[in-house]
Structures are given as structure tokens and as C-alpha cells.
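Since the structure comes first, as C-alpha cells, the remarks are kept for the end.
The sequence lines fix the lettering, A, B, ..., with proteins before strands; numbering per chain opens at 1. What you see below is based on every heavy atom in this structure, not just the backbone, and it leaves out hydrogens, waters and symmetry mates.
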Amino acid sequence: MSANLYHDGVDILHGQRRLWSFHGGIHPPQHKHESTNLPVIRAKLPERLILPLHQHIGEPAEPIVQVGDKVLKGQMIGRAQEFLSAPVHASTSGTVVDIGDYAVPHPSGLNATCIVIEPDGEDRGLEHPRVGDYLQLAPSALRNLIRDAGIVGLGGAGFPSYIKLNPGKLDGIDTLILNGIECEPYITCDDMLMREYPREIIAGLRVMQHALQARVCVIAIEDNKPEAFRALHDAALHEAGIDVILCPTVYPQGGEKQLIRVITGKEVPANGLAIHIGIVCHNVATALAVHRAVQDGQPLVSRYVTVTGGGVSQPRNLDVAFGTPVRDLIIQCGGDPAAVKRLVMGGPMMGYALHSDAVPVIKTTNCIIAATEADIVPPRPVMPCIRCGACADACPVMLLPQQLYWYAHTNDLDKVQEYNLFDCIECGCCSYVCPSNIPLVQYYRYAKGAIWIKEREHEQADIARQRHEFRLDRLAREKAEREARRRLKKASLAKNQDNTPHTEEAVDND
Amino acid sequence: MLAAVLSLGVMSVVFGLLLGFAAVRFKVEGDPLVDKIDAILPQTQCGQCGYPGCRPYATAIASGAADINQCPPGGEAGILALADLLGRDPKPLNPENGQVKEKMVAAIDEPRCIGCTLCIQACPVDAILGAAKQMHTVIEQECTGCDLCVAPCPVDCISMVPIAQTIDSWRWPAPEKARIAGSYR
Ligand code: SF4
Ligand code: SF4
Ligand code: SF4
């Protein structure tokens with residue numbers, strides 16, 4: 001199967017299931033084989049685990065332990081605060097030694113609140129109740145269990161999974177897609193997971209299917225992962241209603257809207273959600289986490305992380321307890337942290353550079369690229385846009401990147417929205433193909449942020465205007481009341497004088 | 001005595017009603033141009049423009065009494081927006097009105113506060129909470145950073161501090177200007 005089948009613009013048939021193509025996309029060098037040669041092993045527990053309370057989309061968790069507390073592996077240490085939130089669990093047994101601000105994985109390099117645990121080395125787990133037969137559970141009870149296990153989308157977004165396991169008003173959804181595409185270069189953690197746990201992934205998929213009452217299940221895997229495909233294909237052979245599909249490799253096929261288009265031919269409406277057209281996507285690693293939560297009562301405390309790049313001599317995947325500093329992983333993979341030129345969390349397309357190697361692995365960490373000088377393309381000079389249109393050809397959302405760039409660059413925030421800035425998935429295809437080396441996607445990220453800031457300033461100004469007006473009204477009212485009292489007093493004074501002209505002392509004493 | 005209290009009470013109610021009625025009856029219809037200008041102004045209510053607040057300045061711009069480059073908190077973006085709205089040429093901020101500064105918020109060094117309420121009286125948006133002889137606190141969310149509470153404080157316990165950046169408020173900066181110099185246009 002040729003890699004650029006979609007690029008001939010033809011929709012292809014694979015097995016019995018038809019696949020649709022999506023617009024654009026690119027074929028960057030894969031760099032995946034480097035990290036799939038060695039078996040996955042557990043990462044060593046660090047001296048201290050740093051567990052951020054905010055490892056997901058939504059409100060941060062709220063700490064429910066105190067410094068000095070002894071905790072067990074799997075014990076909840078941070079509670080979900082709101083509807084859109086996820087709890088955090090201790091990833092090994094030990095003592096809480098601090099709750100405070102530490103550097104966390106974020107492009108800003110800023111600190112955030114973390115719970116620090118000193119492992120006791122025993123890795124003792126909390127006994128969790130097991131569900132037994134989940135089919136006996138009401139879907140809502142099942143969702144609560146998944147929420148309490150701290151499960152969030154492990155493909156990188158970190159959206160609390162229990163919300164995406166709710167069919168809402170529907171009796172059930174049409175198609176549940178398990179995303180095993182892993183289209184970004186360098187990243188292989190889902191590949192290894194699919195090779196090793198195909199049956200467990202399918203078991204997790206069944207749980208999700210039950211919660212969503214999905215009619216059909218599809219597992220989609222890119223054809224650069226034949227071992228993973230074979231493993232899942234074999235595991236699903238005797239399973240009814242599960243299609244395991246091999247898709248031609250093209251970036252960014254793993255994007256939710258792109259994958260939905262490929263599998264179902266349907267377009268998710270702009271500003272709409274997949275569930276509105278009866279489709280839900282989950283990552284394969286999320287399915288495994290769901291299985292473990294339901295089957296073994298095990299909350300989410302670790303994940304597979306790819307550690308790769310020229311900065312490590314043994315690139316591989318590690319099973320990492322959350323909270324383990326990135327630096328420890330580099331050392332364990334034969335790297336010298338001091339020699340690493342740039343540290344990236346995530347892939348080269350959508351990941352971001354870390355400011356420090358002390359930041360911990362969190363739920364959404366799928367890959368660490370320890371890049372040396374040799375891995376980094378030297379910065380090329382940025383040149384004027386020549387209106388070649390290559391960016392528009394590559395954009396999977398069919399935007400007009402050169403127009404977006406023009407308006408983002410000149411700070412025309414209204415216009416840039418008219419060109420659907422907020423549909424941009426920040427995949428970076430446009431930047432990748434731009435012959436003028438314009439950092440297009442950086443401009444879009446900037447513009448999105450600038451719009452957010454402007455809107456917030458507007459809201460604050462509206463509040464300030466209102467408060468100021470209320471204050472002016474109040475002052476005017478007080479003044480008028482004072483005035484009225486004065487006039488009244490004057491009047492009664494005059495009256496008193498009229499009636500009793502000879503008792504001036506009495507008036508004075510009033 | 002009782003009669004005086006009662007009649008005072010009744011009178012204040014009557015006057016209150018009268019005032020309320022007058023406010024509705026004689027309400028000046030808002031000038032739409034002033035509203036539009038006011039919507040652009042940052043509502044810091046600091047008075048640096050030379051007017052006692054944003055709306056009076058907006059009124060002065062609308063009547064032609066004031067120029068469009070007198071509001072430092074609005075900065076260049078504000079002047080551009082005003083120029084755009086009024087179809088005039090943008091011009092640099094008038095230095096007589098001050099300079100563009102990073103937005104700050106007031107912070108009261110609480111142990112030193114003597115509870116004099118002077119800052120409360122100065123605050124244009126009632127963002128300071130306190131009562132006579134009690135410790136005062138700035139409601140950071142409501143503070144516009146206008147600076148007006150700093151001078152009246154007799155014990156100098158109010159300072160303007162930069163707003164701390166957090167992960168929630170952080171947004172991607174624009175790509176480095178140096179790298180894009182001459183890239184377009
Ligand atoms: S690819 Fe680059 S040079 Fe070509 S049109 Fe797009 S922005 Fe301009
Ligand atoms: S980054 Fe945005 S504009 Fe560029 S190709 Fe991807 S979706 Fe299109
Ligand atoms: S200078 Fe201050 S008071 Fe005048 S318009 Fe600007 S923010 Fe409002």
C-alpha cells in the first residue's frame with residue numbers, strides 16, 4: 001500500500017470498509033523505528049514524584065492530603081473540583097513532603113501547584129473494589145468510576161474521558177472510533193501499547209461501547225505500524241462488531257475531525273462536536289486505562305512514554321509513573337541531560353519545548369524528544385510570502401493559511417477570525433511546507449491568545465464601567481439625601497421659630 | 001422628637017421616590033457616538049486624560065473638545081481604534097497625559113493600614129473593601145490599576161504591583177520580531 005494514496009485524491013477501499021480521504025496533509029520523516037527496537041520497561045521510581053494538580057483540560061484538582069501524610073499507590077490525593085476536572089492519584093506509596101509551586105510541563109515554563117511524594121520504595125497499592133461485571137452497572141455509575149480513576153484522553157489532549165463517554169440526549173451513538181493512528185513523527189507509545197495489550201484494549205473498548213451504547217466500533221491504525229495492526233486484528237478476529245482498519249500513513253490523520261472523515265466520510269460541523277453527528281473518538285491508551293479501572297479497580301497512575309532523539313543512546317518506551325522528572329528518563333535511556341540541546345514534550349509537530357528537565361511526566365505526556373545539535377534543523381531565514389499556495393494545499397482544515405498569516409501578522413484580529421482562525425488545529429502542516437520558512441502556526445497561536453486577551457479586557461472594562469456608574473449613582477444619591485435632610489432641618493427650624501419664638505435654647509439643644 | 005424622626009423618614013422616602021422618578025423622566029438619551037467612544041476606552045477611570053473618568057473624556061472627544069490621544073491606559077491600540085471609529089488620522093499618545101505602562105493592581109500592605117477609608121473614597125470602581133478603623137483590602141479582580149488610591153493614603157501603605165502571570169493567563173507571544181523583520185510587505 002503506497003503511503004500517499006490519499007494524495008492522489010482518491011478515496012480508497014480497504015477490506016470491506018471504504019475509507020475517505022481528507023484534504024491536505026504531509027509526510028514528514030517518521031523517526032519511529034528508533035524507539036521501537038527495545039522492549040518497554042518500567043522507569044525507575046525517582047527520589048521525588050512531582051504531581052501537578054492540573055494534568056488535564058478543565059479545573060485543577062484540589063488537594064485532599066497534607067504534608068506528612070502517608071499515601072498508597074492509587075490513593076486519590078487531589079479531588080476533581082468541578083464537572084470539567086479530573087482527580088489525581090499517588091503513583092506510588094510514600095510520604096507527601098510538599099504541596100507547592102513547581103515547574104510543570106507547559107510552553108510558558110511557569111510553575112503550578114504540585115503535590116510532592118517521596119516514595120518509600122515499597123510501591124504498595126491501595127486495595128480497590130473490583131466491579132466484576134460492568135454490564136450490570138448503569139452507564140452513569142460506570143462513568144463515575146472512570147472519572148474517579150482519573151482517566152483523561154491519553155492521546156495528548158487530556159480531556160476528562162467520562163464526559164466523552166456520555167451519549168447525552170442520544171439513546172446511543174453510531175460509531176465509536178478508537179484512535180491508534182499516532183501520526184506524529186517520533187512517537188511510538190501507542191504502537192508499543194497496541195502490540196502488547198491488544199486484548200485489554202479491546203476489553204476497554206467494550207466498556208466504552210457499553211457506556212456510549214455504540215452500534216459500531218472501529219479501531220484505526222496507520223500502516224506504518226504493521227505489528228500493532230496484526231496484534232489488534234488477531235485479538236478482534238472473534239469479536240463481533242469491531243473493525244480493525246489499516247489507514248495509509250499521512251499526518252495529521254490522528255486529528256479527531258480528520259480521522260472521523262477518513263472512517264465515516266462525515267464532516268464534524270465547525271463549532272460542533274463529533275457526538276452531534278453520533279461519533280465519539282477515544283485513544284487506544286485511554287481504552288486500556290478504562291479496562292484497568294473497571295477490571296482491576298486501578299486508577300490511572302502511569303503511562304507509556306516514548307523517550308527518543310539523538311540525546312539518548314537507547315531510545316525506547318518506558319512505563320512511567322506520573323510525577324517522574326523528565327531528567328530521570330533521559331538518564332535511564334543513556335542520555336546526558338547536559339548535552340541535550342532542546343527538550344520537546346510531545347512530537348515535533350505539535351509538541352513544545354520544555355524550559356527545564358526537572359518537569360514531571362503527566363497524564364498527557366506521550367513523548368520526550370531529547371534533541372541534540374544534529375537533530376535540529378538550523379533556523380532558516382524567514383522570507384516574504386510568495387503566495388505560492390503550498391500552505392493552503394497542505395491545510396487539512398482547508399483554511400487559507402497565507403491570509404491568516406497576513407491578518408495575524410498585522411494584528412487584524414477581526415479579520416483573522418473571519419478567516420476561521422479558530423478552526424485551525426495547529427497541526428503545523430502549513431509551516432512545514434512553507435518555502436519562505438514563515439512560522440505560520442506560531443502566528444495563529446499568538447493570534448488566538450491575543451483575541452482571548454482582548455475579549456477578557458473587554459469583559460473587565462464592562463465590569464469596571466458598570467461599577468463606576470453604580471458608584472457615581474450612589475454618590476449622587478447620597479448627595480441628594482444630604483441635601484434633602486438639610487432642607488428639611490431648615491424647614492423645621494423655621495417652623496419651630498414661628499411657633500415658639502422665645503425658646504431659642506430649646507432649638508439649640510435639638 | 002418622634003414626630004421629627006418620622007417626618008424626616010417620610011420625607012426621605014418621598015424625596016427618594018421623586019429623585020427616582022426624575023431620573024427616569026428626565027433621563028438624557030445616551031449619545032450613541034459617546035457610547036461608541038466609551039466602549040473603546042479602557043474604563044480604568046484614572047483621569048490621566050484630564051477628565052474625571054472615561055465617559056466624560058468620551059463626551060469631550062465627541063464634542064471636539066478633546067483629542068483622541070490622551071488616554072495612556074488605552075495605549076496605541078486604543079488610539080488606533082478611536083481613529084478608526086472617527087475617521088481621523090492616528091497620532092502618538094500625548095506625553096503630557098502620561099506614558100503607556102504595564103497594567104498593575106493596587107495592593108495594601110495590610111498590617112500598616114490604619115483604617116482611614118481615604119482610599120475607599122478615592123477608588124472609582126469601589127474595588128477596596130474596608131470600614132473605618134478596620135483593615136482594608138483591594139479586590140484584585142475589580143481593581144483597574146488607576147493609581148488613584150495611592151496618593152491619599154496617609155501612611156503610604158498602598159503600592160501598585162504587576163499582575164502575576166499564571167499558566168491560566170499565559171498566552172503564546174508573537175513570533176520574534178527579529179526573525180520576521182522584512183518578511184512581508
Ligand atoms: S506556503 Fe508560505 S510562501 Fe507559500 S503562500 Fe503559504 S505562507 Fe506564502
Ligand atoms: S496549522 Fe492550522 S492553518 Fe496550518 S495547516 Fe494546520 S490547520 Fe491549517
Ligand atoms: S485616561 Fe484614564 S480616565 Fe481617561 S479615558 Fe483613559 S482610562 Fe479613562
Calculate, to the nearest 0.5 Å, the distance between atoms OG1 and CD belonging to Thr44(B) and Gln460(A) respectively.
10.0 Å
Can you tell me how far NZ of Lys448(A) sits from CZ of Arg171(B), rounded to the nearest 0.5 angstrom?
11.5 Å
Output the option from Cys123(B), Cys54(B), Gly53(B) having the highest count of non-hydrogen pairs under 4.5 Å with chain A.
Cys123(B)
Neighbour count above 12 (heavy atom, 6.0 Å) for Glu478(A) CD
yes
Test of understanding: with salt bridge (charged side-chain N to carboxylate O under 4.0 Å, His left out), list the residues that count as partners of Lys341(A), not counting sequence neighbours.
none
Gap separating the CG atom of Asp38(B) from the CZ atom of Arg465(A), nearest 0.5 angstrom:
4.5 Å
As an exercise, state the distance from CD of Gln45(B) to CG of Leu472(A), rounded to the nearest 0.5 Å.
7.5 Å
Working to the nearest 0.5 angstrom, can you tell me the gap between Ile463(A) CD1 and Gln43(B) CD?
12.0 Å
With only heavy atoms counted, which part of Asp473(A) is less than 4.5 Å from chain B, the side chain, the backbone, both or neither?
neither
Bottom line for Pro124(B): the part with an atom under 4.5 Å from chain A's heavy atoms is both
Considering non-hydrogen atoms only, spot the tightest contact between Val125(B) and Ala464(A) and give its length.
CG1-O, 3.5 Å
So for Thr166(B), is it side chain, backbone, both, or neither that comes closer than 4.5 Å to the heavy atoms of chain A?
backbone
Is the shortest heavy-atom distance from the side chain of Arg456(A) to the side chain of Ser169(B) under 4.5 Å?
yes
Using the rule given for side-chain contact (heavy atoms from CB on, under 4.5 Å), can you reason through Arg467(A) versus Thr144(B), listing the C-alpha separation, both sets of side-chain angles and the distance that settles it, and then say yes or no?
CA-CA 11 Å; Arg467(A) 289 181 72 93; Thr144(B) 63; over 6 Å; no
Minimum heavy-atom distance Leu110(A)-Gln165(B), with the two atoms named
CD1-CG, 3.7 Å
Interface moiety of His468(A) toward chain B, non-hydrogen atoms closer than 4.5 Å:
both
Determine the minimum heavy-atom distance between Tyr446(A) and Ala174(B), stating which atoms define it.
CD1-N, 3.3 Å
So does Glu110(B) have more than 12 non-hydrogen atoms from other groups sitting under 6.0 Å from CD?
yes
Highest number of heavy-atom pairs under 4.5 Å with chain B: which of Ala461(A), Gly109(A), Ser436(A)?
Ala461(A)
Would you mind checking which part of Ala127(B) comes under 4.5 Å of any heavy atom in chain A, side chain (CB onward), backbone (N, CA, C, O), both or neither?
backbone
In terms of side-chain geometry, is the basic nitrogen of Arg471(A) or Asp126(B) positioned less than 4.0 Å from the acidic oxygen of its partner?
yes
Taking side chain as everything from C-beta outward and backbone as N, CA, C, O, which of these in Cys143(B) sits under 4.5 Å from a heavy atom of chain A? Side chain, backbone, both or neither.
neither
